[in-house]
Participant: 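This is the structure, below, for whatever I ask next.
Here is the naming used below: chain letters follow the sequence lines, and residue numbers restart at 1 for every chain. Predicted model, so just to flag it, every value in this text is computed and none were measured.
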Amino acid sequence: MHVRLLLGHAAVQVIAERVGAELVHLKGLAIDADLLWPGRGTSDVDVLVRPRHARRMAKALVEAGWRLQTGYEENSSFAHAATYWHDMFGYVDLHRYYPGMHPDAEVAFAGLLRHCRARELGGVECLVPERVAQRLVLLLHAGRGRSSKDVRDVEHVWHAATDAERAEVEALAQELGADLGLAAATGRLDEFRADPRYRLWAVASRGGTRFEEWRARLEAAPSRWDAVVTALRAVLVNTQHLEAVWGRPPTRAEVVREFFARPVRGLREEVARWRARRSR
Amino acid sequence: MSGPVAGVPGWRRPRRLGCVVEPGAVFLAPLPTGPIARLEGSAATIWQAAVSVPAADVVEHVAAEFGVDAATIGPDVEAFLDDLQARGFLERCGGVEQ
């Protein structure tokens, strides 16, 4: 796995250079080993592409033999990454945006680029975040999750850090517009209640119903047009998700059935949550 | 790996060849398509020697590694180097270019 992932990083970098796409390699094997707690595994290649290069990079990945598994909209509430699979090199998550950084993805990328250095991965020189930025990247990721892995990441990268190291991360977060994301990771999300992205991070880090998630997505949409697109996507059936769960593409009849079943499930979730609140 | 020496005939890893060196094995992959090849034992030793020392010293280096006579293994080592080149795992270098 280790070998395959290193060569996966190298392969993706070669593809990026061929098409003139700028990449930063994130997490996993791009991170200094001591910033990962003992036993923390990694199973894929994560790269952040300069947003205006995302389309050409996606096309180049497919031409080089990667297959799209889940698109941006289906992958997460933040619609930030698409997942590709290669029979030789495994998974790559192509990020067009890193949740928690400056809301303007181009500004966020340019900011992170100022804090990167070269590292050889699989024999190819790649750009990875500098150490302080590595801490921030790990924390921003942990901040929108609830798993034990996320909790341990925060413990290892933040709580076990020195005051000076935490101050460096806070300063970098301020520079990169990542205050909210860092706050979500370090238990201070409620300080950002007035931020339009607050609800989205609250749902991601604390859980929520489907309705709450879609409502949060609408609130966080950067423009009215994005909000319209988000609202339209809310009613579409996620056929990629169904294929991933069932192991086969859904039939037309199944898509139609799912179209009517989703709002019913969503309503059941809301009723269950309302009842749970009432019984407290 | 110290790499090729300017002006001295040698071998080097091709630019678009991915490489991971692990204890006892070398993994190589033409990028970006693969496949991933695994060299072990003497194969790994020969490849690593080729990208580390001048071409003229590879056989001696490998012979010393295994405690055998260079003249005995020379033809096989040279043949394997040619094979590695044919597979795209090595390329010749030398003169003033790197």
Side-chain angles (χ1 to χ4, degrees), chain A residues 1-23 25 28-30 33 42-45 47 49 53 56-68 84-94 118-128, chain B residues 1-6 10-55 58 61 80-81 83-94 97-98:
Chain A
M1 170 77 89
H2 178 82
V3 169
R4 191 173 74 163
L5 289 175
L6 281 171
L7 291 171
H9 276 283
V12 171
Q13 181 63 33
V14 165
I15 291 170
E17 288 173 8
R18 272 190 185 173
V19 297
E22 290 176 83
L23 283 190
H25 295 248
L29 297 177
T42 185
S43 58
D44 58 9
V45 169
V47 293
V49 64
H53 297 162
R56 72 172 84 155
M57 186 64 197
K59 185 166 175 281
L61 280 173
V62 170
E63 285 171 357
W66 265 267
R67 294 192 300 276
L68 178 66
Y84 295 79
W85 166 263
H86 190 285
D87 291 339
M88 196 75 55
F89 302 117
Y91 287 108
V92 64
D93 279 344
L94 179 66
R119 166 175 279 173
E120 191 176 279
L121 296 170
V124 174
E125 193 170 277
C126 304
L127 274 183
V128 303
Chain B
M1 280 180 261
S2 53
V5 178
W11 298 94
R12 67 183 171 199
R13 175 169 62 91
R15 188 167 142 68
R16 288 290 175 248
L17 182 72
C19 167
V20 177
V21 178
E22 299 271 295
V26 175
F27 297 86
L28 303 171
L31 300 174
T33 57
I36 301 173
R38 177 183 175 136
L39 304 182
E40 291 179 309
S42 56
T45 302
I46 293 170
W47 187 89
Q48 286 185 274
V51 297
S52 303
V53 303
V58 172
H61 186 96
F80 189 63
L81 288 169
D83 187 37
L84 289 172
Q85 183 184 25
R87 290 171 190 273
F89 294 157
L90 283 175
E91 62 184 19
R92 290 190 185 274
C93 62
E97 42 78 33
Q98 285 291 316

Participant: With a 4.5 Å limit on heavy-atom distance, are the side chains of A/H25 and A/R119 in contact?
Facilitator: no
Participant: Which heavy atom in B/G88 sits nearest to a heavy atom in B/P14, and how many Å separate them?
Facilitator: O-CG, 3.3 Å
Participant: Checking A/H9 against chain B: side chain, backbone, both or neither under 4.5 Å from a heavy atom?
Facilitator: neither
Participant: Strictly by salt bridge (Lys or Arg N to Asp or Glu O under 4.0 Å), give each pair with a member in residues 5-19 of chain A just once, sequence neighbours left out.
Facilitator: A/E17-B/R16
Participant: List for me each residue that meets side-chain contact (heavy atoms from CB on, under 4.5 Å) alongside B/D83, sequence neighbours excluded, and say none if there are none.
Facilitator: B/F80, B/R87
Participant: Name, in order of residue number, those residues of residues 60-67 of chain A that have a heavy atom at a distance of less than 4.5 Å from a heavy atom in chain B; otherwise write 'none'.
Facilitator: A/A64, A/W66
Participant: Not counting sequence neighbours, list each pair that qualifies as a side chain to side chain donor-acceptor pair (under 3.5 Å) and has a residue in residues 23-34 of chain B.
Facilitator: none
Participant: Against chain B, work out which of A/L6, A/V12, A/V3 has the most heavy-atom pairs shorter than 4.5 Å and name it.
Facilitator: A/V3
Participant: Check whether any side-chain N or O of B/W47 sits under 3.5 Å from a backbone N or O of B/F89 as a donor-acceptor pair, and report yes or no.
Facilitator: yes
Participant: Using the side-chain contact (heavy atoms from CB on, under 4.5 Å) definition, which of the options A/V45, A/V47, A/D44 pairs with A/D93?
Facilitator: A/D44
Participant: Contact part of B/R13 toward chain A, heavy-atom cut-off under 4.5 Å: side chain, backbone, both or neither?
Facilitator: side chain
Participant: Do the non-hydrogen side-chain atoms of B/V58 and B/V53 ever get within less than 4.5 Å of each other?
Facilitator: yes
Participant: Of the backbone (N, CA, C, O) and the side chain (C-beta and beyond), which part of A/E120 lies under 4.5 Å from a heavy atom of chain B, both, or neither?
Facilitator: side chain
Participant: Under a 4.5 Å cutoff for heavy-atom pairs, which residue among B/L28, B/L17, B/V20, B/L31 has the most contacts with chain A?
Facilitator: B/L31
